[in-house]
Structure formats: structure tokens, C-alpha cells
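Fair warning: this is a prediction, and the values are worked out from it, not measured in the lab. Any value given below was found using the heavy atoms of this structure, including those in side chains, with hydrogens, waters and symmetry copies removed.
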Amino acid sequence: MKKLIIIFIIAFCLLSFMKISCLANESSSSGEFWNSMDDNNKEVYIWGIREGIVMCMEQITERFLVPASKNKENTAIIEAILEDYYQFVMLFRADDYETTLNLLKTVVNIVSDLYKDPANTYVNISDMCFLASRKLRGEPIDSLLGELRKKALP
């Protein structure tokens, strides 16, 4: 599993040098950017999001959750965010490389299917990953997708 992570990190770093960026063309949407990539780049992109979430979870836990434990409302909000992050990260926790790769490909397919709808074109890719995670767990995503569409409108 460590080899897989190292491979994805190296590939992600290499892609960053290829000038593939959402910010390269400010008028392009997340959906256009997603659809411009091939499946391998999509997998690496999602794995990069996963790695970023892991780092974020560690920082949130260390910096905010422990101090926020005095304020129950803040603690509940932070715990809800961490739970969503945790569910996404754990989606890829598998015993073997093939299972992990198949899960990653499934998430790519779900996100690609979501971007087929033009109404979703401005929703962030990271938000789409969370939607895919929820969909894989059998949770309804329609109301959250509607909220994300409204939030993402240019």
C-alpha cells in the first residue's frame, strides 16, 4: 500500500509540472477541466485530493478539535466535517492494490457521470468526490448536489 501511495504522489507531482491546472484558464469550469483529462489523470487527481484530506484531517484534529471541545456547538460542526472526510478517505482503504484501484476507477466514473449534466459543470471536483463517496455508501445526494450547484454558480 505504501508503494501505491508513493507512486500516486510522484505522479501527482509530475502532473503539476505539466501545467494542468484549473486556474490555467479562469473561464473554464471544473467540469470542463475534468472532462479534458484522461482516466489515469483523473485517478491521480482524486488520489491527490484524498492525500490532501488526510493532511487536513490531521491539522483540524490537532489545531481545532481539542481546543473546541470546550464549545459543544463548534465540536459538533468539526466532528461532522471530519466524519465526511473520514468516510471519503476510508473508501480507498482496501487489503490489496486491485481493490483500491477498482474503487478509484469507480469514483472516477461516478464523478464523470455527474459532470455529464451541464448543471454540474461549476461544482468543484473535490465536492464531486464527496458526492461520489456518499453515492457509493448508498446515501442520497440530490439535495446536496442542488446546494452545491447554487453555491458554484459563477
Contacts of Val54 meeting side-chain contact (heavy atoms from CB on, under 4.5 Å) (sequence neighbours excluded), chain-then-number -> Arg50, Glu58, Val89

- Report yes if the side chains of Leu101 and Glu43 come closer than 4.5 Å at any heavy-atom pair, otherwise no. yes

Closer than 3.5 angstrom, by distance alone: can the side chain of Asp96 be matched with the main-chain N or O of Thr99 as a donor-acceptor pair? yes

Here the pair of heavy atoms bringing Ile125 nearest to Phe33 is CD1-CD2, 3.5 Å

For this session: Decide yes or no for Val111 and Tyr115: does some side-chain heavy atom of the first lie under 4.5 Å from some side-chain heavy atom of the second?
Result: yes

Of all heavy-atom pairs linking Ser30 and Tyr122, the shortest is OG-O, 4.3 Å

OG1 (Thr121) and CG (Leu114) are apart, to the nearest 0.5 Å, by 12.0 Å

The side-chain contact (heavy atoms from CB on, under 4.5 Å) partners of Asp95 (sequence neighbours excluded) come to none

Value for CG (Leu131) from CG (Leu136), rounded to nearest 0.5 Å, stands at 11.0 Å

Contacts of Tyr85 meeting ring-ring contact (aromatic ring centres under 6.0 Å, His included) (sequence neighbours excluded), chain-then-number -> Phe130

With sequence neighbours left out, the residues meeting side-chain hydrogen bond (donor to acceptor under 3.5 Å, both in side chains) with Ser126 are none

Here the pair of heavy atoms bringing Met37 nearest to Lys42 is O-CE, 3.3 Å

Begin with the C-alpha distance, continue with both residues' side-chain angles, and end with the deciding distance and a verdict on side chain to side chain contact (heavy atoms under 4.5 Å, CB included) for Arg134 and Leu144. CA-CA 10 Å; Arg134 288 177 179 202; Leu144 182 56; 2.9 Å; yes

Sorted by chain and residue number, the side-chain contact (heavy atoms from CB on, under 4.5 Å) partners of Lys135 (sequence neighbours excluded) come out as Ile110, Ile141

message: Any non-hydrogen side-chain atom of Tyr45 less than 4.5 Å from a side-chain atom of Ile49?
response: yes

Check your understanding: With distance as the sole test, does Ser133 use its side chain to make a donor-acceptor pair with the main-chain N or O of Cys129 at under 3.5 Å?
Key -> no

(Q) What I'd like to find out is whether the side chain of Trp34 reaches to under 4.5 Å of the side chain of Val108, using heavy atoms alone. (A) yes

Please evaluate residues Trp47 and Val107 with respect to the criterion side chain to side chain contact (heavy atoms under 4.5 Å, CB included), reporting the C-alpha separation (whole Å), side-chain torsions for both, the decisive distance (0.1 Å), and the verdict. CA-CA 10 Å; Trp47 196 262; Val107 172; over 6 Å; no

In this structure, CG of Asn40 is separated from CG of Leu104 (nearest 0.5 Å) by 10.0 Å

For Asp117, the side-chain contact (heavy atoms from CB on, under 4.5 Å) test, sequence neighbours excluded, returns Ala119, Asn120, Arg149

Value for OH (Tyr97) from CG (Asn102), rounded to nearest 0.5 Å, stands at 10.0 Å

Value for NZ (Lys150) from CG (Leu148), rounded to nearest 0.5 Å, stands at 11.0 Å

